[in-house]
Amino acid sequence: MLEKDIERVLITQEEIQVRCKELGKELTENYQDKNPLVVGVLKGAVPFMADIIRSIDAYLELDFMDVSSYGNATVSSGEVKIVKDLDTNVEGRDLLIVEDIIDSGRTLAYLVDLFKYRKANSVKIVTLLDKPEGRVVDIEADYIGFNVPNEFVVGYGLDYAEAYRNLPYIGVLKPSVYQSN
Ligand code: 5GP
């Protein structure tokens, strides 16, 4: 049903599963004995977070943060507002932020600064997708699933008007979907 709205698939479900296992292996090595706090950025990171944590063979804890950008739907002002904060005190903890995509980098730059200000011991980022051409702020993820071109993508957590988050792959929408809204 959702598939009729998709113009083309960029990354298949199988490719995502393979990459999650590869990243999980690296993270398992790097986080042994650190009991990291894995911070999911709602809502887009939920499917990726569910997969990546099950690929990490180490003790870890989970928490979630929800942030939104001020501004209207198309132009972000660059300011970030906390909608839901963590429940956990991050002081002295090793944090691993899980994101769906890094575009301008503003959201993550804000979160990294915030967690450093709160005295986290280390702050690293794992993102499913990276859109390097969209970058406005100088920030890079430590672990990247896939690079994507500067196009609007949906699926695997990523939405268009809150829909398509449950697509099991990453795709590009048909232009008719935007035109009908
Ligand atoms: P940044 O602060 O890096 O510009 O924005 C990151 C957020 O913007 C992501 O968490 C995501 O919600 C949204 N975003 C950026 N690019 C895309 C895209 O191609 N598709 C969708 N669905 N959301 C995107």
Side-chain angles (χ1 to χ4, degrees), residues 2-13 15-16 19-20 23 38-53 62-86 95-117 123-181:
L2 293 177
E3 206 164 324
K4 70 173 184 347
D5 296 343
I6 301 298
E7 183 166 85
R8 63 183 202 284
V9 176
L10 284 184
I11 306 166
T12 66
Q13 185 170 14
E15 287 170 325
I16 295 171
R19 192 72 188 113
C20 279
L23 289 172
V38 181
V39 175
V41 184
L42 296 169
K43 309 167 190 162
V46 167
F48 179 48
M49 181 146 166
D51 283 345
I52 201 78
I53 58 169
L62 304 183
D63 206 340
F64 292 92
M65 185 105 185
D66 191 4
V67 292
S68 72
S69 294
Y70 286 102
N72 62 39
T74 50
V75 184
S76 157
S77 66
E79 274 181 81
V80 178
K81 179 176 75 164
I82 297 175
V83 178
K84 184 227 169 281
D85 206 337
L86 297 179
L95 263 57
L96 178 65
I97 305 175
V98 183
E99 252 292 25
D100 52 358
I101 188 165
I102 312 183
D103 185 14
S104 73
R106 285 183 175 124
T107 309
L108 278 169
Y110 172 83
L111 288 177
V112 169
D113 281 353
L114 177 71
F115 296 146
K116 285 189 173 159
Y117 172 78
V123 183
K124 303 277 184 195
I125 299 163
V126 57
T127 186
L128 175 64
L129 305 177
D130 190 9
K131 219 192 249 184
E133 287 169 61
R135 207 67 96 251
V136 172
V137 178
D138 186 19
I139 190 159
E140 295 306 327
D142 302 278
Y143 307 89
I144 297 167
F146 303 90
N147 280 327
V148 286
N150 207 2
E151 281 184 274
F152 191 78
V153 297
V154 296
Y156 211 80
L158 291 137
D159 75 307
Y160 171 61
E162 292 301 324
Y164 305 104
R165 293 193 197 273
N166 53 324
L167 268 184
Y169 51 82
I170 300 290
V172 176
L173 287 174
K174 288 180 182 161
S176 57
V177 176
Y178 301 105
Q179 283 148 16
S180 65
N181 269 321

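Counting starts at 1 for both ligands and their atoms, following the listed order.
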*Mind running side-chain contact (heavy atoms from CB on, under 4.5 Å) on Tyr117 and Asp113 for me, showing each step along the way?*
CA-CA 6 Å; Tyr117 172 78; Asp113 281 353; over 6 Å; no

*Interatomic spacing from CG in Asp66 to NZ in Lys81 - rounded to 0.5 Å*: 10.0 Å

*With hydrogens left out, which residues have an atom under 4.0 Å from ligand 1, given that only heavy atoms count?*
Glu99, Asp100, Ile101, Ile102, Asp103, Ser104, Gly105, Arg106, Thr107, Lys131, Glu151, Phe152, Val153, Leu158, Asp159

*To the nearest 0.5 Å, what is the distance between CG (Asp100) and OG1 (Thr127)?*
6.5 Å

*asked:* For residues 145-154, which residue pairs pass the side chain to side chain donor-acceptor pair (under 3.5 Å) check, not counting sequence neighbours?
replied: Arg8-Glu151

*asked:* For the NZ atom of Lys174 and the CG atom of Asp5, what is their distance to the nearest 0.5 Å?
replied: 7.0 Å

*Heavy atoms of other groups near Glu162 CD, more than 12 under 6.0 Å*: yes

